[in-house]
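So the structure is just underneath, and the comments pick up after that.
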Amino acid sequence: MITTILAMACVTFATRYLFLAKQLPFTIGPKLQRFLSFSAPCVLTAIWVPIVFIQDKHLAITPSNPYLVAATVAVILAFRFKNLYVTTFGSLAVFYLLY
């Protein structure tokens with residue numbers, strides 16, 4: 001187990017070092033930069049979709065799902081106010097009231 005953790009730490013460090021070290025003559029082209037710009041939204045979507053839509057190993061698309069209601073409120077607040085704090089605290093308040 002410790003070997004796996006150390007190996008993954010080395011892999012993570014090596015991949016970060018390649019992109020951040022100024023001494024290495026490593027650059028990525030514009031096509032790869034554009035491709036990598038989609039990685040953060042993909043990872044975040046992979047995290048929040050199961051949390052919002054799945055409860056007790058079943059698809060839960062009902063108004064009684066507090067995660068879905070709070071996520072919907074978060075989307076509406078984000079489009080309406082375009083303010084991180086209003087979106088975060090507003091959706092957290094709705095979730096707290098429903099859960």
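Side-chain heavy-atom separations under 4.5 angstrom define the hydrophobic clusters, and the remaining members of the one that includes I5 are M1. The hydrophobic cluster containing L98, built from Ile/Leu/Val/Met/Phe/Trp/Tyr side-chain heavy atoms closer than 4.5 Å, also comprises V69, V73, L77, F81, V86, V94. Side-chain heavy-atom separations under 4.5 angstrom define the hydrophobic clusters, and the remaining members of the one that includes V75 are F79. Listed by chain and number, the hydrophobic cluster partners of L6 are I2, where partners are ILVMFWY side chains within reach of under 4.5 Å, directly or through others.
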Show me the donor-acceptor pairs, under 3.5 Å and distance only, between side chains in residues 32-48 and residues at least two apart or in other chains.
from: S37; atom 1: OG; to: R34; atom 2: O; distance (Å): 2.5
from: S39; atom 1: OG; to: L36; atom 2: O; distance (Å): 2.8
from: T45; atom 1: OG1; to: P41; atom 2: O; distance (Å): 2.7

Listing, residues 59-68 side-chain donor-acceptor contacts under 3.5 Å, not counting sequence neighbours, or none:
from: T62; atom 1: OG1; to: S64; atom 2: OG; distance (Å): 3.0
from: N65; atom 1: OD1; to: Q55; atom 2: NE2; distance (Å): 2.9
from: N65; atom 1: OD1; to: Y67; atom 2: N; distance (Å): 3.0
from: N65; atom 1: OD1; to: L68; atom 2: N; distance (Å): 3.4
from: N65; atom 1: ND2; to: V52; atom 2: O; distance (Å): 2.9
from: N65; atom 1: ND2; to: A60; atom 2: O; distance (Å): 2.8

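Sorted pairs that involve residues 80-99 and meet side-chain hydrogen bond (donor to acceptor under 3.5 Å, both in side chains), not counting sequence neighbours, are lacking altogether.
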